[in-house]
Peer 1: 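Sharing a structure, written as structure tokens. Questions coming.
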Amino acid sequence: MTSVRVLVGTVAGAVLLPLLASPAHADANAGPAVDLAGLRGVLRSALTQGAPGAMARVEDRGTVFRAAAGVADRGTARAMGDADRFRIGSVTKTFTAVVLLQLVDEKKLKLDASVNRYLPGLLPDDRITVRQVLGHRSGLHDYTNDMFAKTVPGFEAVRKKVFTPTELVKRSLSKPRTNAPGAKYAYSNTNFVIAGMLVEKLTGNPVGTEYQNRIIEPLKLRDTFYVHPGMKIPGRYARGYLTPDQAGAPLVDATEQTVSWAQGAGALISSTRDLNTFLSALLQGRLTSAAQLAQMERWMPAGTGVAYGLGLRRRDLSCGVSVYGHTGAVQGFYTYAFASKDGKRSLAAVANISNNGTVLNTMLRTLDSAFCGKTTKAPLGTGGQGRARQGAGGTARGHGTGGDGGLRPCGNPRLGSGRAGTPAWAEAVRDIPPGLRLCGTSRLG
């Protein structure tokens, strides 16, 4: 039987309470109780489907719920724990968007201005605006589609490589655009590489410095780092494992890499604690003005029960509750980080595996456990042996999403085959950073 470790306590973590203990101060508007049994079940399922380890942390009005299962390190068999840091993939996009919206507050940037106004000559079309970049409506090709067409070889080719942002944009521009500027939502990591370039041009500082000064230090995030082009995760961390495309092939330890192929689109390191703190602060209006938070929450349809704003995603859950945040998939890690509209309840969950679509969709169910307060059935299709490829936003080829984020096998169930246009349902998991490629999907982000 898989062991799942569960703790309930105060946010500070100094006091641990019995499993069924209630918060000291009940709130009539707090919503359904956190479903700890459901949360534990999700983590156990992820392990049976191939994840070495998985963990989740829910914070709800001063009470913290923590659950972990499996191992952080297959070599030493060290247990996964709440203090472990990990790569958060495309959750980085929300951090990058916050910095740019702070610059809008400072009147250094206009959302509806052309990107070329600030980065002259970068793009071939002056119609592409900052807003379109932050909302994935620029039409720019996602270069990670090609970069990670073959999962492990693609990763090994860039594991130690250092790119300039301009090199990544040029890779995108060498391919046809997906649509006219503003015509529709189409997830692309290229957008947030450009967002990082905007941060650096407008501030005169590296993007990592701006994360540090504007978000990390003010919120006292002790586990959040931007180490690019360094390859190591500081301090205590979970190792991340990449599933090869060939069925039965051994997992690849993908922990150490520059993530230079992602940068402002997916290169941050963090922890479940810090992600909860960040999203709660954002949704409670502590990082931007109310006006700019409202801009982040101007939603465009992005699939069944899913919408995208500016670097922020809304998911409508099975119980009718909507949650706000982002998903991340980088080689070795799948992350879900979401909070309630008022920021008073937040969830961060991670599995230290990638290129395994079944686990990806199983971890999606942590949202129902955290916010709906009941155990719900897996989304349609999660029983299939899905496999989602990495690349902070690439495509997942060979398997696809079915229903709201459920994967369905297609083509060769082991290696995958072909790629088609992106149906609306495929957008349910689109904010999974690294080049996930699903059948019928031209990109997951």
Side-chain angles (χ1 to χ4, degrees), residues 51-53 71-76 78 80-81 83-93 95-96 143-144 147-148 150-168 171 189 192-193 196-197 199-200 205-212 215-216 221-244 250-272 274-275 328-335 350-355 389-394 432-436:
V71 299
D73 187 325
R74 297 176 74 228
T76 66
R78 180 177 68 78
M80 181 78 92
D84 286 323
R85 296 165 179 166
F86 51 91
R87 299 191 186 279
I88 66 173
S90 283
V91 183
T92 302
K93 290 177 171 67
F95 284 75
T96 306
Y143 59 88
T144 64
M147 186 177 283
F148 300 114
K150 296 181 179 179
T151 300
V152 173
F155 168 63
E156 295 294 0
V158 300
R159 182 197 283 261
K160 299 179 180 180
K161 192 171 179 60
V162 177
F163 295 95
T164 67
T166 301
E167 287 174 329
L168 297 175
R171 284 180 174 235
N189 285 291
F192 276 80
V193 171
M197 296 174 74
V199 169
E200 295 189 345
N205 293 320
V207 67
T209 299
E210 294 302 311
Y211 293 144
Q212 188 72 29
I215 300 173
I216 296 171
L221 304 182
R222 62 185 182 223
D223 301 316
T224 302
F225 302 90
Y226 185 80
V227 300
H228 175 266
M231 296 180 62
K232 295 183 180 296
I233 301 175
R236 172 174 163 163
Y237 57 89
R239 302 197 74 83
Y241 299 94
L242 175 60
T243 307
L251 299 179
V252 174
D253 189 328
T255 311
E256 294 187 4
Q257 65 158 312
T258 63
V259 203
S260 191
W261 56 267
Q263 302 190 31
L268 274 169
I269 294 160
S270 194
S271 66
T272 54
D274 278 8
L275 290 179
V330 64
Q331 289 90 352
F333 302 99
Y334 285 142
T335 303
V350 64
N352 59 342
I353 192 77
S354 66
N355 200 34
R389 293 205 173 100
Q390 293 68 238
I432 306 294
L436 301 175

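What you see below is based on every heavy atom in this structure, not just the backbone, and it leaves out hydrogens, waters and symmetry mates.
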Peer 1: Which heavy-atom pair separates Ala254 from Gly332 by the least distance, and what is that distance?
Peer 2: CB-N, 4.4 Å

Peer 1: Counting distance only, does the side-chain N/O of Asp274 pair as donor-acceptor with the main-chain N or O of Arg222 below 3.5 Å?
Peer 2: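 Present.
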
Peer 1: Might you point out which heavy atoms bring Ala238 and Thr255 nearest each other, and give the distance in Å?
Peer 2: O-CG2, 4.3 Å

Peer 1: Is any side-chain heavy atom of Arg171 less than 4.5 Å from a side-chain heavy atom of Trp261?
Peer 2: no

Peer 1: Please test Tyr226 against Val259 for side-chain contact (heavy atoms from CB on, under 4.5 Å), starting from the C-alpha separation and ending with a verdict.
Peer 2: CA-CA 10 Å; Tyr226 185 80; Val259 203; over 6 Å; no

Peer 1: If you round to the nearest 0.5 Å, how far is CD1 of Ile88 from CZ of Phe95?
Peer 2: 4.5 Å

Peer 1: What closest approach, in Å, do Val350 and Phe86 show between heavy atoms, and which atom pair accounts for it?
Peer 2: CG2-CD1, 3.7 Å

Peer 1: Any chance you could measure Thr258, atom OG1, to Lys160, atom NZ, to the nearest 0.5 Å?
Peer 2: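 So the gap between those two atoms works out to 11.0 Å.
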
Peer 1: Give, for atom CG of Leu242 and atom CD of Gln257, the distance between the pair rounded to the nearest 0.5 Å.
Peer 2: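 Separation between the atoms: 9.5 Å.
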
Peer 1: In Å, rounded to the nearest 0.5 Å, how long is the span from CZ of Arg239 to OH of Tyr237?
Peer 2: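 Separation between the atoms: 4.5 Å.
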
Peer 1: Is the shortest heavy-atom distance from the side chain of Val252 to the side chain of Arg159 under 4.5 Å?
Peer 2: yes

Peer 1: Given 3.5 Å as the limit, does a donor-acceptor pair link the side chain of Asp73 with the main chain of Arg78, or not?
Peer 2: no

Peer 1: Out of the candidates Thr335, Thr224, Asp223, only one should pair with Leu275 under the side-chain contact (heavy atoms from CB on, under 4.5 Å) rule; please name it.
Peer 2: Thr335

Peer 1: Test of understanding: with side-chain contact (heavy atoms from CB on, under 4.5 Å), list the residues that count as partners of Arg74, not counting sequence neighbours.
Peer 2: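 side-chain contact (heavy atoms from CB on, under 4.5 Å) list for Arg74, sorted by chain: Pro52, Val71, Tyr241, Leu251.
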
Peer 1: Atom CD1 of Ile233 and atom CZ of Arg87: how far apart are they, to the nearest 0.5 Å?
Peer 2: 4.5 Å

Peer 1: Tell me, please, which residues at least two apart from Pro234 pass side-chain contact (heavy atoms from CB on, under 4.5 Å).
Peer 2: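 By the side-chain contact (heavy atoms from CB on, under 4.5 Å) rule, Pro234 matches Arg85, Phe225, Val227, Ile269.
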
Peer 1: To the nearest 0.5 Å, what is the distance between OG on Ser260 and CD on Glu167?
Peer 2: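 The distance works out to 8.0 Å.
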
Peer 1: Taking all heavy atoms of Val207 and all of Glu200, pick out the closest pair and write down the distance.
Peer 2: N-OE2, 2.9 Å

Peer 1: Would you say the side chains of Tyr211 and Thr96 form a donor-acceptor pair under 3.5 Å?
Peer 2: yes

Peer 1: Indicate the atoms forming the closest heavy-atom contact of Pro244 with Pro250, along with that distance.
Peer 2: CG-O, 3.1 Å

Peer 1: Do Gln263 side-chain atoms and Phe163 backbone N/O form a donor-acceptor pair below 3.5 Å?
Peer 2: yes

